[in-house]
Each structure stands twice: as structure tokens, then as C-alpha cells.
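Heads up, the thing below is written out as C-alpha cells.
Throughout, residue positions are numbered sequentially from 1 according to the sequence presented. No experiment lies behind these values; they were computed from the predicted model shown. First listed ligand is number 1; within each ligand, the first listed atom is number 1.
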Amino acid sequence: MDINKTIEYIQSNSQGINPKVGIILGSGLGSFVDVLENPVSLSYDELDGFPDTGVFGHEGKLHLGKINHTEIVVLQGRAHYYETGVVDAMKIPVRTLSGLGCESLILTNAAGSLMEEAQPGSVMAITDHINFTGVSPLFCEESNNRFVDMANAYNSDMRSRFHKIADDENIKLHEGVYIWFCGPSFETPAEIRAAKTLGADAVGMSTVPEVILARHAGMKVAALSVMTNMAAGMSDEVLSHELTMENADKGIQDLKILLVRFLESYS
Ligand code: HPA
């Protein structure tokens, strides 16, 4: 497939919007798109190289819009490694955002908390990650730029801005290390104890492949996790997808405020 055709198709429908920032929304966090003024929305089914929406059973849409004067593109719906066993399923979407002109990418996800102080409903800025899966979306890349430097993968200036906004808005923004497990089963309590020993603060089944792809494409990255549950073995709750979605609400409200305030003053 020719990614330039996908980019041209989006541009021909974009009504003049030239996004500078891309956003990838995590499970249950799709309502963020409601804040866009008159977005242009395209289904992934129209976009060659984008994941097949049948796979993930929730909306797969690309939205172009503005928040204040900032032109953005939002991907609502991501393909996870556990859905297909394909580790680079988000390669074309991430490269498309870069090809559309995005210099920065903001990722959001739902995560389990390994920090007692970060209870369900709280938000954490990711400072670094641990790839616990052993796979990479850059497998089979041929050029030497596949050896991507992952130090400072999470941009500290963007993170500082999120902290400043959180302080102004009276939102407690935690920060910490995200560990990527491939899922789809939740982790065992023993795995979570191991993850804690390794230095993890939050656990999830997404984001890391997109961060690797975005750094490979030269984009600046920030990522925010909404804690939807305490990680396995840390509370008496039985983990389920439904539970994680229910707990996301408070975090989603704070996340929306952080994103909107960040984007409306983006320069
Ligand atoms: N583990 C992995 N992924 C998750 C979790 C979790 O506890 N909560 C939300 N996504």
C-alpha cells in the first residue's frame, strides 16, 4: 500500500485543516471528540492501511478539527496487539499523522495503577515505559533509523505543561512509568509484583508500540493514563473490562480538561 495515497485522501477531505498535533484516544476515552468544533470525521474503513474496525469492536474514526486556533487530528480507536497478534497494526495510522504535519503526538490510555496513592479515577503522565512484551512495531524495518533512541521518549516540556495546567485546574496529576503487557488476560498478582520490582507505576496493553512508532517518525510524545483499577492483587476487586470502563469516568473528565487546556494554548 502507498501511505501517500492515504495522506492525500485525508487532505482532500480536510476542509483546509493542517493538524500540528495528533491525539490517539484510549478505550472508553472517545468522548473527547465532542469538544471539537465542526470536526471532519472519516471512518478507518475509508483509509487504506488503517486497522479494520471489525477487529476492535468500537469506533474507528479519524477526526480533524480545531480547539481554539490549534488544528488537530484525533484517532478514536486503536488496534491492540492482543486483537490481531500484529504488532505494527498502528504503523500506518501513526505515520499518517506525521505525514499530515503533526509534530507532536499525545496518547491516552486506560491503565491499572501500581501506586497506592493513584486510585481509580486518577490521571498519570507517563515519564518512561517498560516494554515487557519482547516485540516491537519496528520489526522488519530495514533502514538504520530503526535503532531509535528511546531516552527522553516522553517529552519533558510537554509533560511540564500538563503539570502546570493540572496545578491551575486543581487536578492531581501523578507521574510514573508505564509497563506494557500484551494481554488480553489481565496480569497475575505475581506479574504485578514483578512489575513493581522493575519500577512500573501503571500497567496496560497499549501505547508503547505507538510511542516507538512516533519516535521513529520524529514526533514529540506525551502520554496520559487514566487509572481505571488497582492492578491485579492490589485490591479485592475482580478485574473485568466492564469494571475498567465504569471507573474511567472521573479520570476522563480530568483528562478532557488537561487536553483541552493544553491544546487551546498550543504553540
Ligand atoms: N492491566 C492491563 N491493562 C489495563 C488494566 C490492567 O489492570 N486496566 C486497564 N487496562
[atom] - nearest protein heavy atom and its distance:
| atom | value |
| --- | --- |
| atom 10 (N) of ligand 1 | A110 O, 3.4 Å |
| atom 9 (C) of ligand 1 | T228 OG1, 3.3 Å |
| atom 2 (C) of ligand 1 | E187 OE2, 3.2 Å |
| atom 7 (O) of ligand 1 | N229 ND2, 2.9 Å |
| atom 4 (C) of ligand 1 | V203 O, 3.8 Å |

Which of the atoms in ligand 1, numbered in the order shown and given with their element, are less than 4.0 Å from a heavy-atom of G204?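 Selected atoms, number and element: 2 (C), 3 (N).
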Quick check on contacts: which atoms of ligand 1 are under 4.0 angstrom from a heavy atom of M205?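 Per the distance check, 2 (C), 3 (N).
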Only pairs at least two apart or in different chains count here, so list each side-chain hydrogen bond (donor to acceptor under 3.5 Å, both in side chains) that has a residue in residues 106-118.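 As it turns out, the side-chain hydrogen bond (donor to acceptor under 3.5 Å, both in side chains) pairs with a partner in residues 106-118, which skip direct neighbours, are N109-T207, N109-S225.
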Under 4.0 Å between a Lys/Arg side-chain N and an Asp/Glu carboxylate O for E210 and R95?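 No, no charged N to carboxylate O under 4.0 Å.
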Salt-bridged, R193 to E187, with N to O below 4.0 Å?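 Salt bridge: no.
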Please tabulate, for the side chains in residues 259-267, all donor-acceptor contacts under 3.5 angstrom to protein atoms that are two or more places apart in sequence or on a different chain.
{"from": "R261", "atom 1": "NH1", "to": "E169", "atom 2": "OE2", "distance (Å)": "2.6"}
{"from": "S265", "atom 1": "OG", "to": "R161", "atom 2": "NH2", "distance (Å)": "2.8"}
{"from": "S265", "atom 1": "OG", "to": "R261", "atom 2": "O", "distance (Å)": "3.0"}
{"from": "Y266", "atom 1": "OH", "to": "E103", "atom 2": "OE2", "distance (Å)": "2.8"}
{"from": "Y266", "atom 1": "OH", "to": "S104", "atom 2": "OG", "distance (Å)": "2.7"}

Validation row: L114, V203 side chains within 4.5 angstrom (heavy atoms):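 Counting from C-beta outward, L114 and V203 do come under 4.5 Å.
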Ligand 1 contacted by F186 (non-hydrogen, < 4.0 Å):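 Yes; F186 lies near enough to ligand 1 that a heavy-atom distance drops under 4.0 Å.
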Would you find a donor on one side and an acceptor on the other, under 3.5 Å apart, between the side chain of Y44 and the backbone of G77?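 Yes, because the side chain of Y44 sits within donor-acceptor range (under 3.5 Å) of the backbone of G77.
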